[in-house]
Amino acid sequence: STVALSTPCVVLPERANLDVSVRPLRHEVEFAAAIEGQVENREVAFDRDRYLDFCQRQMTLYRRMIAGAVDSSGSNCSLAVDSSGSNCSLGRGLWWGAFAGEELVGSLGIFCSQGVARYQVVTTHRQHQRQGICARLVYEAGRHALEQLGVHTLTMAAEADSPAARIYQSVGFGARE
């Protein structure tokens, strides 16, 4: 079963990987690598090509929200992200990446509305899992949302008692009441 998790603050877990650099994605090749990571981690029941198409369409929608072209309800809005892509307060969110050197090894989206930020599609590339990368990504994106964007609550969903839920709990998330 899925559990809703939230927190008003984040803590850097002991296992967080400090060797990766974490920042918002800026280049087309980085977004393509994020999509490939999602496809790589898909459930085996999903056809690769169909899932790739799905992920590409979803990322197009997320990027419109990042640019401020549409809000989370799908309505047009006049907000825009600055040229560096680093200001979520102008758009609706950011897509973050963890990099080992130049290689994207994990990514997630975080989108803001009315003081709440919600994580989307948290992914660590398969060969880089269990190295503290996800914890670092969740922490850095959350810290940025709380400190820079006026967000007061971070929220996400995970399968109860899953490795993902344990990672999120290590960053400070708890079950929402």
Side-chain angles (χ1 to χ4, degrees), residues 1-27 29-46 51 55 58-59 62 66 84-88 93-113 115-177:
S1 67
T2 302
V3 61
L5 302 168
S6 64
T7 187
C9 62
V10 290
V11 295
L12 183 64
E14 189 176 305
R15 286 202 70 242
N17 187 319
L18 301 179
D19 295 328
V20 294
S21 61
V22 176
R23 63 169 174 77
L25 301 187
R26 293 189 279 254
H27 307 288
V29 66
E30 295 170 349
F31 284 97
I35 291 168
E36 188 54 42
Q38 293 170 22
V39 172
E40 173 188 310
N41 286 339
R42 75 188 182 286
E43 298 287 329
V44 294
F46 295 117
Y51 198 73
C55 290
Q58 286 296 106
M59 187 62 80
Y62 287 133
I66 291 166
S84 71
S86 64
N87 195 341
C88 175
L94 288 170
W95 209 270
W96 288 79
F99 295 84
E102 298 295 314
E103 180 187 6
L104 182 74
V105 296
S107 68
L108 61 79
I110 189 165
F111 294 88
C112 313
S113 179
V116 177
R118 187 173 196 296
Y119 291 80
Q120 299 291 322
V121 195
V122 180
T123 305
T124 303
H125 297 205
R126 197 170 306 277
Q127 67 272 24
H128 297 280
Q129 292 178 352
R130 303 194 190 290
Q131 297 177 29
I133 293 167
C134 178
R136 177 81 185 285
L137 260 172
V138 170
Y139 169 78
E140 295 294 349
R143 185 179 59 80
H144 180 268
L146 292 164
E147 293 177 3
Q148 303 296 319
L149 308 176
V151 166
H152 57 76
T153 303
L154 303 170
T155 185
M156 61 176 33
E159 291 299 314
D161 300 317
S162 67
R166 287 188 289 279
I167 291 168
Y168 307 151
Q169 290 165 344
S170 78
V171 180
F173 285 79
R176 190 183 328 168
E177 298 186 16

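Hydrogens, waters and symmetry mates are skipped; everything else that's a heavy atom, side chains included, is used. In this text, all values refer to a predicted model and were calculated from it rather than measured experimentally.
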Requested in this report: Flag yes if more than 12 heavy atoms outside E102 fall under 6.0 Å of its CD atom; otherwise flag no.
Outcome: no

Query raised in the report: Taking the side chain from S162 and the backbone from A165, do they hold a donor-acceptor pair closer than 3.5 Å?
Result: yes

Requested in this report: Please report the closest heavy-atom contact between A34 and W95, naming both atoms and the distance.
Outcome: CB-NE1, 4.1 Å

Query raised in the report: Would Y139 and Y168 count as a close aromatic pair, with their ring centres under 6.0 Å?
Result: no

**Report entry** Approximate separation, where rounding is to 0.5 Å, of R23 CZ and W96 CH2
**Finding:** 10.0 Å

Report summary line: When rounded to the nearest 0.5 Å, the distance separating CZ of F99 from OG of S107 is 8.5 Å

Query raised in the report: Do the non-hydrogen side-chain atoms of N41 and Q129 ever get within less than 4.5 Å of each other?
Result: yes

Report summary line: Closest non-hydrogen atoms of G97 and L137, given as atom of the first, atom of the second and distance, are C-CD2, 3.7 Å

**Report entry** Heavy-atom donor-acceptor pair, R136 side chain to V20 backbone, under 3.5 Å
**Finding:** yes

Requested in this report: Carefully, step by step, assess L104 and L25 under the rule side chain to side chain contact (heavy atoms under 4.5 Å, CB included).
Outcome: CA-CA 9 Å; L104 182 74; L25 301 187; 3.9 Å; yes

Query raised in the report: What heavy-atom pair brings L154 and G142 nearest, and what distance separates the two atoms?
Result: CD1-CA, 3.6 Å

Query raised in the report: If every non-hydrogen atom of D161 is compared with every non-hydrogen atom of R166, which pair is closest and at what distance?
Result: O-NH1, 2.7 Å

Report summary line: Rounded to the nearest 0.5 Å, the CD atom of E30 sits from the CD1 atom of I35 at a distance of 12.5 Å

**Report entry** Trace of the side chain to side chain contact (heavy atoms under 4.5 Å, CB included) decision for I167 with V122
**Finding:** CA-CA 11 Å; I167 291 168; V122 180; over 6 Å; no

Report task. Might you point out which heavy atoms bring P24 and L94 nearest each other, and give the distance in Å? Result -> CG-CD1, 4.0 Å

Query - Pairwise distance CZ(F111) to CD(Q120) - rounded to 0.5 angstrom - result: 6.5 Å

Query - Nearest atoms (heavy-atom pairs only) where L149 meets C112 - result: CD1-SG, 3.7 Å

**Report entry** Contact check, side chains of L108 and V121, non-hydrogen atoms, under 4.5 Å
**Finding:** no

Report task. Report the C-alpha separation of Y119 and F173 in whole Å, then their side-chain angles, then the decisive distance to 0.1 Å, and conclude whether the side chain to side chain contact (heavy atoms under 4.5 Å, CB included) test is met. Result -> CA-CA 12 Å; Y119 291 80; F173 285 79; 3.4 Å; yes

Query raised in the report: Tell me, do L5 and T155 make a side-chain contact under 4.5 Å, heavy atoms counted?
Result: no

Query raised in the report: If we only count heavy atoms from C-beta on, is the M156 to V138 side-chain gap below 4.5 Å?
Result: yes

Query - Over 12 non-hydrogen atoms of neighbours within 6.0 angstrom of CZ in R126 - result: yes

Query raised in the report: Hey, mind stepping through M59 and Q38 against side chain to side chain contact (heavy atoms under 4.5 Å, CB included) and telling me if it holds?
Result: CA-CA 10 Å; M59 187 62 80; Q38 293 170 22; 3.7 Å; yes

**Report entry** Heavy-atom side-chain contact between Q148 and R143 under 4.5 Å
**Finding:** no

Report summary line: dist H152:NE2 -> S6:OG (nearest 0.5 Å) comes out at 11.0 Å

Query raised in the report: Do side-chain atoms of R15 reach the backbone of R130 as a donor and acceptor pair under 3.5 angstrom?
Result: yes

Query raised in the report: Mind checking whether E40 and H125 have side chains closer than 4.5 Å, heavy atoms only?
Result: yes

Query raised in the report: Cut-off 3.5 Å, side chains only: do T2 and E159 have a donor facing an acceptor?
Result: yes

